[in-house]
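Reviewing the structure listed below.
So that the names make sense, note that chain A is the first sequence line, chain B the second, and so on, each numbered from 1. Quick note: numbers below take in every heavy atom, side chains included, and nothing from hydrogens, waters or symmetry partners.
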Number of protein chains: 2
Amino acid sequence: MAQRKRQLVAAEITEAALQLCAVKGFDTTTVDEIVEAAGISRRTFFRYFSSKEDVAIQLLASLGTDMRDELRARPAGEPPATALRHAVGIAIDHCVDEPLKSLRVVQLILRTPVLHARMLERQAQWREGLTIELAVRLGRDPATDMFPEMAARMALAAFEAAMLHWSVSDGAADPHVLTDRAFAMIGPALDQAG
Amino acid sequence: MAQRKRQLVAAEITEAALQLCAVKGFDTTTVDEIVEAAGISRRTFFRYFSSKEDVAIQLLASLGTDMRDELRARPAGEPPATALRHAVGIAIDHCVDEPLKSLRVVQLILRTPVLHARMLERQAQWREGLTIELAVRLGRDPATDMFPEMAARMALAAFEAAMLHWSVSDGAADPHVLTDRAFAMIGPALDQAG
DNA sequence: CCGTCGATGGCACAGGGTGTCAATTGCGGC
DNA sequence: GCCGCAATTGACACCCTGTGCCATCGACGG
């Protein structure tokens with residue numbers, strides 16, 4: 001019950017923030033403007049989000065664990081390229097399910113350097129998760145064997161490339177098609193034994 | 001003459017900042033502490049560096065253009081994997097030439113999230129440069145053909161992986177050997193026609 | 001000796017983020 | 001209905017980053 005209210009307030013803050021950022025841009029939008037639009041106090045804002053950037057970044061919060069969980073759920077015998085394609089597909093599905101919301105956030109992040117930086121930092125955490133999961137699947141030691149890490153890096157590179165092209169196409173391109181095209185380029189490296 | 005003095009002052013600020021960050025960590029080191037150690041005023045600090053993070057990031061400033069220039073200088077007929085390996089090698093050379101300074105900076109950046117994020121953002125700019133250069137070499141259009149972009153992403157992924165492992169090895173591992181190992185993983189994807 | 005120009009320092013201010021404390025709200029027990 | 005308890009909120013003070021503005025100082029040429 002308290003949890004529900006908390007999510008509701010967070011959603012209101014997020015909506016107000018995205019609305020303002022879409023009009024004024026992220027950097028010129030102040031926290032004071034956001035809290036006024038959301039009808040809360042400045043102090044409360046920072047109880048819901050650890051920083052102004054956090055409002056945008058939080059929207060991608062579950063993607064990392066979702067991708068990792070999907071990778072873990074894939075059949076054990078599946079080749080890395082296929083398993084990683086499905087894992088990344090989970091994140092892509094979010095864009096397909098809610099294209100308007102997703103596109104708005106992705107474009108805001110990609111055209112705001114500080115948000116882009118934070119997203120890349122978060123992606124590095126996703127990579128760690130995928131690396132470990134992949135190492136377990138393949139029975140390799142990620143400390144001495146670079147293949148799980150490099151495979152995770154390549155998969156996320158494909159993901160990011162697909163997101164970028166989807167963003168510049170203004171949502172016109174099919175995210176899954178873009179992802180397939182990107183994965184076609186890294187496939188030969190993922191299927192090798194390493 | 002004014003240029004020389006400027007570089008000298010910048011070097012002093014950098015040295016003071018790195019010294020303090022090594023002891024106290026980046027986040028808990030304030031600009032006031034740095035300027036006091038460097039013997040300058042707070043205002044002057046921000047005339048030399050646009051932000052506190054800039055002191056650390058600026059040390060990687062030339063890597064992007066250096067890699068791009070090296071890629072441009074490689075023979076036209078050279079396969080992408082070889083050309084990119086040499087381009088990244090330019091950056092690696094800096095680590096080999098001055099291992100103590102480089103390792104200190106790399107470790108500081110990698111263990112400070114906000115600096116890591118800024119470096120990744122800067123890496124994205126390097127990628128754009130490499131992508132364009134690669135597209136020219138291969139006679140492909142990067143807007144419709146993802147291969148140049150994906151190749152640049154993979155090369156930088158290998159670079160980052162090598163830097164990471166070099167950092168955790170505390171400089172014990174040979175950066176070029178690590179880079180070779182990482183490039184061995186992406187080679188099959190770079191040598192294909194796309 | 002004087003005027004100019006660039007570098008510097010000091011100051012005030014906006015904005016992000018945090019600690020602290022009082023007021024409010026909501027809820028269960030009596 | 002009333003009381004006490006806990007959680008949430010709001011308000012204030014504060015630190016830190018970053019910027020605009022202006023006074024100052026020093027070098028250099030006229």
- Task: I would like to know whether B/R104 and B/E15 meet salt bridge (Lys or Arg N to Asp or Glu O under 4.0 Å); could you show each step before the answer?
- Result: CA-CA 11 Å; B/R104 184 169 61 153; B/E15 185 51 38; 3.3 Å; yes

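Between the side chains of B/H176 and B/R85, a donor-acceptor pair is found at a separation under 3.5 Å. Side chain to side chain, A/S41 and A/T44 meet the donor-acceptor criterion of an N or O pair below 3.5 Å.
At most 12 heavy atoms of other shown residues, nucleotides or ligands fall within 6.0 angstrom of atom NZ in A/K101. No more than 12 heavy atoms of other residues, nucleotides or ligands shown are found within 6.0 angstrom of CD on B/Q19. Around the CD atom of B/E36, the shell of radius 6.0 Å holds no more than 12 heavy atoms that belong to other residues, nucleotides or ligands.
The minimum heavy-atom distance between B/A151 and B/L84, with the atom names listed, is O-CD1, 3.8 Å. Across every non-hydrogen atom of A/W166 and A/L178, the tightest pair is N-CD1, 3.5 Å.
Between A/E133 and A/R137 there is no salt bridge, since no side-chain nitrogen of the basic residue lies less than 4.0 Å from a carboxylate oxygen of the acidic one. With respect to B/R118 and A/E121, no salt bridge is recorded, no charged nitrogen being found less than 4.0 Å from a carboxylate O.
Of all the residues in residues 43-57 of chain A, A/R43, A/T44, A/R47, A/Y48 reach under 4.0 Å from DNA chain D with at least one non-hydrogen atom. Taken residue by residue, residues 9-23 of chain B places no heavy atom nearer than 4.0 Å to DNA chain C.
One interatomic measurement links the two molecules: CZ of B/R118 to P of D/dT17, which rounds to 14 Å at whole-angstrom precision. Taking atom CD1 on A/I40 and atom P on D/dA11, their separation rounds to 12 Å, with Å as the unit. Protein atom CG of B/D32 is 12 Å distant from nucleotide atom P of C/dG10, rounded to whole Å. Rounded to a whole Å, the CZ atom of B/R6 is 7 Å from the P atom of C/dT8. The distance from atom CD of A/E33 to atom C1' of C/dG16 is 14 Å, rounded to the nearest whole Å. The distance between atom CD of A/E36 and atom C1' of C/dG15, rounded to the nearest whole Å, is 16 Å.
Grouping the Ile, Leu, Val, Met, Phe, Trp and Tyr side chains by contacts below 4.5 angstrom, directly or via other members, places A/V177 apart from A/M185.
Place B/T30 and A/G39 on DNA chain D by their nearest nucleotides, and A/G39 ends up nearer the 5' end.
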Might you list the N or O atoms of the protein lying below 3.5 Å from N or O atoms in nucleotides 23-27 of chain D, with each pair's distance?
none

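Side chain A/R42 to base C/dG17: a donor-acceptor pair is found below 3.5 Å.
The residue B/T28 sits apart from the nucleic acid: no heavy atom pair falls under 4.0 Å.
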